[in-house]
Amino acid sequence: MFVQEEKIFAGRVLRLHVCTMEGAEWLEEVTEDMTLERLKEKCLKHCAHGSLEDPKSLTHHKLVHASSERVLSDTKTVAEENIQDRDVLLLIKKRAPPPPPKMSDVSAEEKRKQDQKAPDKDTILKATAGLPGRTADRTVAHHNMRDFQTELRKILVSLIEVAQKLLALNPDAVELFKKANAMLDEDEEDRVDELALRKLTEMGFPESRAVKALRLNHMSVTQAMEWLIEHADDPAADTPLPNENASEVAGASASGDPKPSQGATAEDLKDELTEIFKKIRRKREFRPDPRAVIALMEMGFDEKEVIDALRVNNNQQDAACEWLLGDKKPSPEDLDKGIDTSSPLFQAILDNPVVQLGLTNPKTLLAFEDMLENPLNSTQWMNDPETGPVMLQISRIFQTLNRT
């Protein structure tokens with residue numbers, strides 16, 4: 001019996017399930033050494049009789065392994081593509097490439113790209129050759145970073161004046177101001193951040209030292225912890241802060257203030273309000289960061305200049321050092337200047353109902369005073385349920401107008 005040579009040396013026969021996108025299905029018997037191109041030709045003969053006269057038919061179709069979603073290579077064999085018996089293959093027609101664009105379309109597209117293309121350096125230099133030279137002031141960019149803090153201080157100065165006038169119009173103005181004065185006379189322990197204090201005491205630090213450390217470091221847990229570690233063996237660390245005793249004396253004097261008599265004139269009430277307001281301002285004096293003062297003085301700067309620098313730069317040591325080495329702008333005197341009351345920014349702030357309501361609250365006045373002299377306390381007032389909404393509205397109005 002005659003047997004073909006290819007049958008003798010043929011590899012293992014596999015039965016593959018082939019499907020097309022048109023829904024045709026059949027079983028195709030192939031050997032492991034058959035190439036995928038030959039298999040694709042057999043599949044095309046099965047589903048599209050007579051179409052193989054076009055040499056593009058083979059190149060316009062591809063075989064995909066269904067389970068692995070792999071496109072099979074025409075040059076590889078069934079075994080090399082790791083096709084197993086009963087595997088499912090998909091015969092798919094390749095997507096036709098897009099037709100080449102017409103010359104008119106190419107010209108229009110190129111022209112559009114040229115119109116949208118940014119000018120190169122040579123073009124810019126040629127176009128600006130006739131303009132006068134100008135050196136950019138690098139200090140402007142540095143000061144712009146502090147625009148909000150600088151403007152916020154001016155806003156607070158002007159809002160304090162407005163709040164003072166609004167509170168003075170209240171029939172109970174003297175009592176309101178005395179209430180504000182009493183808030184300042186509260187024991188410092190009552191105004192320490194309880195969460196921060198608990199974190200430090202849980203670390204094992206004594207409560208009295210932890211309270212002192214938090215006050216010296218503006219309620220910063222990290223800085224307070226560093227201070228406690230540095231002064232662990234310092235016996236003076238348990239000495240009360242000077243302002244604590246001053247606060248007690250001030251509290252005693254405030255509590256002894258006589259109440260206004262029923263027959264007091266408007267001028268008397270005004271004088272009494274002025275005196276109480278002066279007391280409030282004196283109690284909110286700027287407190288420089290003692291560590292920053294020491295560090296800057298060790299660099300050779302005068303103590304008064306160091307305190308001025310820290311006051312201008314919100315107790316930020318690096319910024320204060322740059323201020324001392326630079327042109328010392330803004331000056332400490334500039335900090336007490338308010339914003340132009342006729343400016344759109346100030347008018348927008350005053351027109352805000354949340355701000356209007358907040359200005360009638362003596363606590364808002366206290367917050368403004370405190371942030372004016374101790375900007376690092378701003379976070380504390382931002383988180384306060386009474387003063388936080390007011391500060392949020394001021395910030396939003398400033399950012400909105402600054403963008404426009």
Side-chain angles (χ1 to χ4, degrees), residues 1-124 145 195 198-199 202-203 221-222 225 379 383 392 396 399-400 403:
M1 183 176 66
F2 176 76
V3 180
Q4 291 182 2
E5 185 179 351
E6 62 177 8
K7 293 286 185 179
I8 297 175
F9 298 101
R12 186 165 64 97
V13 177
L14 304 179
R15 294 169 63 86
L16 303 179
H17 193 87
V18 183
C19 305
T20 66
M21 297 298 292
E22 290 76 21
E25 299 181 22
W26 69 94
L27 287 175
E28 194 75 52
E29 291 187 354
V30 299
T31 57
E32 290 182 326
D33 57 354
M34 180 181 289
T35 63
L36 270 299
E37 184 177 15
R38 173 63 181 151
L39 173 58
K40 186 165 61 173
E41 184 179 349
K42 289 184 64 178
C43 293
L44 286 172
K45 286 180 178 179
H46 186 278
C47 68
H49 298 288
S51 64
L52 293 181
E53 294 178 0
D54 184 0
K56 295 182 180 179
S57 295
L58 282 175
T59 58
H60 285 182
H61 289 78
K62 59 184 176 180
L63 284 171
V64 178
H65 192 263
S67 60
S68 63
E69 300 180 0
R70 290 182 295 114
V71 177
L72 303 178
S73 173
D74 290 349
T75 58
K76 292 184 178 181
T77 64
V78 173
E80 288 173 343
E81 285 287 7
N82 197 26
I83 299 174
Q84 304 298 323
D85 191 36
R86 299 293 179 182
D87 278 359
V88 178
L89 303 182
L90 302 177
L91 180 63
I92 300 175
K93 188 174 183 179
K94 294 181 181 179
R95 187 174 299 172
K102 299 178 182 178
M103 290 304 298
S104 58
D105 296 337
V106 172
S107 301
E109 181 68 15
E110 287 296 326
K111 184 178 179 182
R112 186 182 65 82
K113 287 182 179 180
Q114 289 295 332
D115 292 341
Q116 293 180 349
K117 185 179 178 181
D120 55 21
K121 184 178 179 180
D122 293 336
T123 306
I124 294 174
M145 296 172 62
L195 181 60
R198 185 167 67 250
K199 287 181 179 179
E202 287 176 353
M203 295 178 191
V221 176
T222 304
M225 182 176 64
T379 304
N383 295 329
L392 182 62
R396 285 179 175 173
Q399 298 296 342
T400 300
R403 284 196 297 267

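Model, not experiment: these values are computed from the prediction.
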Calculate, to the nearest 0.5 Å, the distance between atoms [atom1] and [atom2] belonging to [X] and [Y] respectively.
{"X": "D33", "Y": "R38", "atom1": "CG", "atom2": "CZ", "value": "12.0 Å"}
{"X": "R198", "Y": "E202", "atom1": "CZ", "atom2": "CD", "value": "6.0 Å"}
{"X": "L63", "Y": "L90", "atom1": "CG", "atom2": "CG", "value": "8.5 Å"}

Please examine the side chains of [Y] and [X], heavy atoms only from C-beta on, and report whether any two atoms are closer than 4.5 Å.
{"X": "K93", "Y": "M21", "result": "no"}
{"X": "L16", "Y": "W26", "result": "no"}
{"X": "L44", "Y": "H61", "result": "yes"}
{"X": "M34", "Y": "T77", "result": "no"}

Please step through side-chain contact (heavy atoms from CB on, under 4.5 Å) for the pair L91 and K40, ending with a clear verdict. CA-CA 8 Å; L91 180 63; K40 186 165 61 173; 4.1 Å; yes
With sequence neighbours left out, what residues match [X] under side chain to side chain contact (heavy atoms under 4.5 Å, CB included)?
{"X": "R15", "value": "L27, E29, D85, R86"}
{"X": "L392", "value": "R396"}
{"X": "E25", "value": "H17, C19"}

R70 and its side-chain hydrogen bond (donor to acceptor under 3.5 Å, both in side chains) partner, picked from S68, S73, S67: S68
When you compare the side chains of N82 and E80, does any donor N or O come within less than 3.5 Å of an acceptor on the partner?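 No.
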Could you point out which residue of L39, I83, V78 forms a side chain to side chain contact (heavy atoms under 4.5 Å, CB included) with L72? I83
Verdict with supporting geometry, H65 and E81, side-chain contact (heavy atoms from CB on, under 4.5 Å): CA-CA 9 Å; H65 192 263; E81 285 287 7; over 6 Å; no
